[in-house]
Amino acid sequence: MEGGLFGRLSRQFVLGIVVGLTIAFLFTGSRLLNLDLRHAPVPSQGGHPRDISRLGLGESKELVTDHEAWDKALTRGGPVRMLNFHDEHAHHDDDTEARRLAKEVRVLIWVMTAPKNLQSKARVVRDTWGRRANKLLFFSSEDNKDFPTVGLNVSEGRDHLTAKTMRGFKYVYDHHFDDADWFMKADDDTYVIVENLRYFLSGEKKDDPVYFGHHFKTIVKQGYYSGGGGYVLSKEALRRFAHKGQDPKTCRPDGGAEDAEFGKCMERLGVRTVNTTDTLGRSRFHCFDPETHLFGGYPDWYYKYDANGAHKGQESISDYAITFHYVPPQKMQTLEFYIYHLTPYGISHGRQDLNKPGNDTNTTLTLH
């Protein structure tokens, strides 16, 4: 009797342990799967797997779907832990040239964000590279005086990114036109090396009708620039946009692919695209993260879109690179650490002259 009862109890005990371990394994596995989602392969157009961390943005349905998948991967993971980048041990870097350019090449950067991203992506931008802009603004669908952000009275979602961009640049013209000479739009997952941006712009003229970024060669006759890679308008380009670009027949107020629509707008206003590679032909603006541009794994559409040949590797990226896109908050802080805080002892990096004299322009357009 006791033996039978003891046997049944033992079997129940063992069964309970097995069930408990199985549930724990499944729960832990699902957590690991979620944490590693950005490295999960997704089908490419050609049937080969590609990394979610290497997805892009553009005109086609595939590109939009790619961007949404990547954006979800970036925002998963809960609150962002912030590092303190104010070292107690001061670096003894000679930043004379950087400080000179900060006075002579005034750059306003506005960041497109959303209320749900303020305490993750936007906060990291504000506390890392954003501090180096002459003026930094955040535009969202609603005001937030504490952060702060400027509400543009635009609904959230990819269908309204064009409206955000158009209204953002108009707000900058109305309220901050005299505060800078160059005006940049970036996403809240774009990392900008502001010193390199100023160096590049130091070889350009703010009174020329030009704008710059990662050049795509499709859709628009002169091409257009990737929204995620950021684009920079000269003072004259912004003036033309504010004076002539408010006509919906010239610049679409909303809808479509934001960066392509803005490119069409610039072309109609006589604002030129410009070759932004350095003297060695290496790229400065980038629509993917550093790893993708170093090691490749581009989505199929990128080979059709990129105006500079979709190159990869160290020799294809300028030593004075300006932007990278699809940079999640943790990686953004890692880049901040590598670029501004980690230095090899005994090595002093001299300055290079990598700007092209009288930068080559793709097309010359006149405003009618």
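Remember, it's a predicted structure, so these values are computed and weren't measured experimentally.
- K356 and D278 make their closest contact through CE-O, 2.9 Å (heavy atoms, listed as atom of the first residue, atom of the second, distance).
- Residue Y338 places its OH atom among 12 or fewer non-hydrogen atoms of other residues, nucleotides or ligands, all under 6.0 Å distant.
- The pair E291-K331 meets the salt-bridge criterion, since a charged nitrogen lies less than 4.0 angstrom from a carboxylate oxygen.
- A salt bridge between K185 and E258 is present, with a side-chain N of the basic residue lying under 4.0 Å from a carboxylate O of the acidic one.
- Under the 4.0 Å criterion applied to side-chain N and carboxylate O atoms, R282 and D319 are assigned as salt-bridge partners.
- Here the side chains of L118 and N144 are in contact, with some heavy-atom distance below 4.5 Å.
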| query | Hey, mind stepping through D187 and Y326 against side chain to side chain contact (heavy atoms under 4.5 Å, CB included) and telling me if it holds? | reply | CA-CA 9 Å; D187 288 351; Y326 292 130; over 6 Å; no
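- The nearest pair of heavy atoms linking T128 to R132 is O-NH1, 3.6 Å.
- Aromatic pair F212/F285: centroids not less than 6.0 angstrom apart.
- To the nearest 0.5 Å, the span separating CG on D353 from OG1 on T279 amounts to 7.0 Å.
- For D247, the CG atom is densely surrounded, since the number of other residues' heavy atoms within 6.0 Å is greater than 12.
- Judged by distance alone, the side chains of H325 and D189 do bring a donor and an acceptor atom under 3.5 Å apart.
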| Can you check side chain to side chain contact (heavy atoms under 4.5 Å, CB included) on V172 and L108, steps first, answer last? | CA-CA 9 Å; V172 167; L108 179 150; 4.0 Å; yes
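- Shortest non-hydrogen contact noted between G255 and T162 is O-OG1, 2.8 Å.
- Partner of Y298 under the ring-ring contact (aromatic ring centres under 6.0 Å, His included) criterion, chosen from H286, H293, H311: H293.
- Among pairs with a residue in residues 99-111, those fulfilling side-chain hydrogen bond (donor to acceptor under 3.5 Å, both in side chains) read D95-R99, E97-R100, R100-E104, R106-D181, at least two apart in sequence or across chains.
- A salt bridge links R239 and E236; the closest N-O separation between the charged side-chain nitrogens and carboxylate oxygens is under 4.0 Å.
- Ring to ring, H214 and Y231 are not that close: their centroids are 6.0 angstrom or more apart.
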| said: Working note: H243 + Y173, criterion ring pair (Phe, Tyr, Trp, His ring centres under 6.0 Å); need CA distance, chi angles, decisive distance, verdict. | reply: CA-CA 10 Å; H243 289 190; Y173 176 83; 5.5 Å; yes
| task | Using the ring pair (Phe, Tyr, Trp, His ring centres under 6.0 Å) rule, take Y225 and F216 through it: C-alpha gap first, then chi angles, then the decisive distance, then the call. | result | CA-CA 6 Å; Y225 295 125; F216 288 157; 9.0 Å; no
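- For the pair E267 and K264, the salt-bridge criterion is not met [side-chain N within less than 4.0 Å of a carboxylate O].
- No side-chain N or O of S141 forms a donor-acceptor pair with one of K164 less than 3.5 Å apart.
- Pairing each heavy atom of E156 with each of T113, the nearest pair is OE2-O, 4.0 Å.
- When the shell of 6.0 Å around NZ of K170 is examined, it contains more than 12 heavy atoms from other residues, nucleotides or ligands.
- Without hydrogens or angle criteria, W129 side chain to T190 main chain gives a donor-acceptor distance under 3.5 Å.
- The only member of Y191, F295, Y302 that meets ring-ring contact (aromatic ring centres under 6.0 Å, His included) when paired with F288 is Y302.
- Distance alone, capped at 3.5 Å, places no donor-acceptor pair between the Y224 side chain and the T273 backbone.
- Taking both residues in full, the closest heavy atoms of T276 and F200 are given as CG2-CZ, 3.8 Å, listed atom of the first, atom of the second, then distance.
- Salt bridge present: R131 and E336 bring a charged side-chain N and a carboxylate O closer than 4.0 Å.
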